[in-house]
Amino acid sequence: MDFIQSPTTRIQTHPLIRPRRLRVTPALRAMIRETEINVKDFIYPLFVRHGYGRTPIASMPGIDQLSIEEALREATQAARLGVPAILLFGIPAMKDSIGMENFAPDGIVQQAIRAIKREIPEMVVITDVCLCEYTEHGHCGVLNMGEFYRPHLPQGYVLNDETLDILVRVALSHAESGADIVAPSGMMDGMVEAIRDGLDAAGFENVLILSYAVKYASSFYAPFRQAAEGAPKFGDRKSHQMDPANAREALREGQLDIEQGADMIMVKPALPYLDVVQRIRTAYPQIPLAAYNVSGEYAMLKAAALNGWLDERQTVLETLTSIKRAGADLIITYHALQAAQWLRE
Ligand code: PBG
């Protein structure tokens, strides 16, 4: 057996540089860690609806539709864990062609904003500003039909400028109820400028705009559409949301929204678009950037975890870290409460 060299007598050359030296102990690894997620990075979405109690969302285990009272309980829990912000989505009592409850003073979101700001004034309340949960057809804007019909545009097309008028009313109504940040998500051209003008004219110059500037027509929103009951009854959202194949176009969308006065911009979804997050971060280093870790991304990890195929805690924290590493300052995530708990332990 003397032809086998013992490790201690090896005489081969050795690597001069050993990156592994930096990984020998947990203390060393912690010292050189480049990215660290913090509870202050998280924004927690809530679905509010009329009535009492909670209604579980089948495709989003752990996430429920909430009554005002339950939303308040959930927001209180978030505040206790140090999560600084929530994002509200409303499920109205009735839907119609333009979504009247969306800008009603006693609409579900308006009530939720007032309740949360009254009880937890330090909580940053963000509201989604879009039509899809409120319209009977489930589209993000006014459709080209009936009283709005314009013959030179396709039947059923989402009308841009007519929709802007309604988005401004919705944003104003949220601001009047006490929202800190409005987040237009409909990808209408000029939505940021229109909302900024409307807010400023009404004296809400300090209400911020977080624009869903770069939002893709993604299949990963399916669980959300069940949660918010806002799936389109026909057709799709491809005439306004971006083609998943496009990245350079994202820079244009980002630029336009920054020029129109967005205070923060968003890329959505997150995981399949981390390259876009990074490009936006590099192109616009000056603007706070959020990434939306959407419902389908949540559902995938949850399903795998519930099957015992993945370790939930490890995969969630790795996912959130990767989104921040790509360049997001803020992460909108349904994992927020759980991740906040894990970060404390
Ligand atoms: C539109 C809106 C959607 C989401 C957030 N705002 C759905 C859509 O565009 O169809 C998706 C969020 C998610 O999937 O978690 N109001």
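These numbers were taken from a predicted model, which means no experiment stands behind them. FYI, the numbering just counts along the sequence from 1. As the structure lists them, so they are numbered: ligands from 1, and atoms in each ligand from 1.
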J.: Counting C-beta onward and ignoring hydrogens, is there a side-chain heavy-atom pair between Leu210 and Pro288 closer than 4.5 Å?
T.: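 Sidechains of Pro288 and Leu210: no contact.
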J.: Are side-chain N/O atoms of His50 and Glu101 paired as donor and acceptor at under 3.5 Å?
T.: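 There is such a pair between these side chains.
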J.: Quick one: which ligand 1 atoms are inside 4.0 Å of a heavy atom on Cys130?
T.: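 Those atoms are 16 (N).
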J.: Check whether Tyr221 forms a cation-pi arrangement with Lys215 (NZ or CZ under 6.0 Å from the six-membered ring centre, at most 45° off the ring normal).
T.: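 Lys215 over Tyr221 ring: yes.
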J.: Go through the steps for Val48 and Ser67 under the test side-chain contact (heavy atoms from CB on, under 4.5 Å), then give the verdict.
T.: CA-CA 6 Å; Val48 286; Ser67 65; over 6 Å; no
J.: Heavy-atom contacts with Tyr334 under 4.0 Å: which atoms of ligand 1 show up? List them by number with element.
T.: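 Going through ligand 1 atom by atom, the ones under 4.0 Å from Tyr334 are 12 (C), 13 (C), 15 (O).
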J.: For Phe89, counting its heavy atoms only, list the atoms of ligand 1 lying under 4.0 Å from any of them.
T.: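 The atoms of ligand 1 under 4.0 Å from a heavy atom of Phe89 are 5 (C), 6 (N).
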J.: Nearest protein heavy-atom contact for atom 14 (O) of ligand 1: which residue, which atom, what distance?
T.: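 Its nearest protein heavy-atom neighbour is Ser295 OG, 2.7 Å.
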J.: Nearest non-hydrogen contact with atom 10 (O) of ligand 1 belongs to which option: Lys268, Arg225, Lys215?
T.: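 Checking each option, the heavy atom nearest atom 10 (O) of ligand 1 is found in Arg225.
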J.: Is it true that Arg313 and Glu345 have a side-chain N and a carboxylate O under 4.0 angstrom from each other?
T.: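 Salt bridge present between Arg313 and Glu345.
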J.: Numbering the atoms of ligand 1 from 1, which are under 4.0 Å from a heavy atom of Tyr292?
T.: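 Near Tyr292, meaning under 4.0 Å from one of its heavy atoms, ligand 1 has 12 (C), 15 (O).
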J.: Any pair with a residue in residues 73-89 that passes salt bridge (Lys or Arg N to Asp or Glu O under 4.0 Å), sequence neighbours left out, goes on the list, sorted by first then second residue, please.
T.: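 Salt bridge (Lys or Arg N to Asp or Glu O under 4.0 Å) check on residues 73-89 returns Arg54-Glu74, Glu70-Arg73.
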J.: For Glu297, state whether at least one heavy atom is located under 4.0 Å from any atom of ligand 1.
T.: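 Contact check Glu297 vs ligand 1: negative.
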J.: Is the closest side-chain donor-acceptor distance between Ser185 and Asp128 under 3.5 Å?
T.: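 Checked: Ser185/Asp128 side chains pair up, N/O donor to acceptor below 3.5 Å.
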J.: Pull out every atom of ligand 1 sitting under 4.0 Å from any heavy atom of Arg237, numbered as shown with elements.
T.: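 This gives 8 (C), 9 (O), 10 (O) as the contact atoms.
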J.: Check ligand 1 against Cys132 and write out every atom of the ligand that is under 4.0 Å from a heavy-atom position of the residue.
T.: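 Answer, ordered by atom number: 1 (C), 16 (N).
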J.: With respect to atom 12 (C) of ligand 1, which of Tyr212, Phe224, Tyr134 exhibits the smallest heavy-atom separation?
T.: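 Looking at heavy atoms only, Phe224 sits closest to atom 12 (C) of ligand 1.
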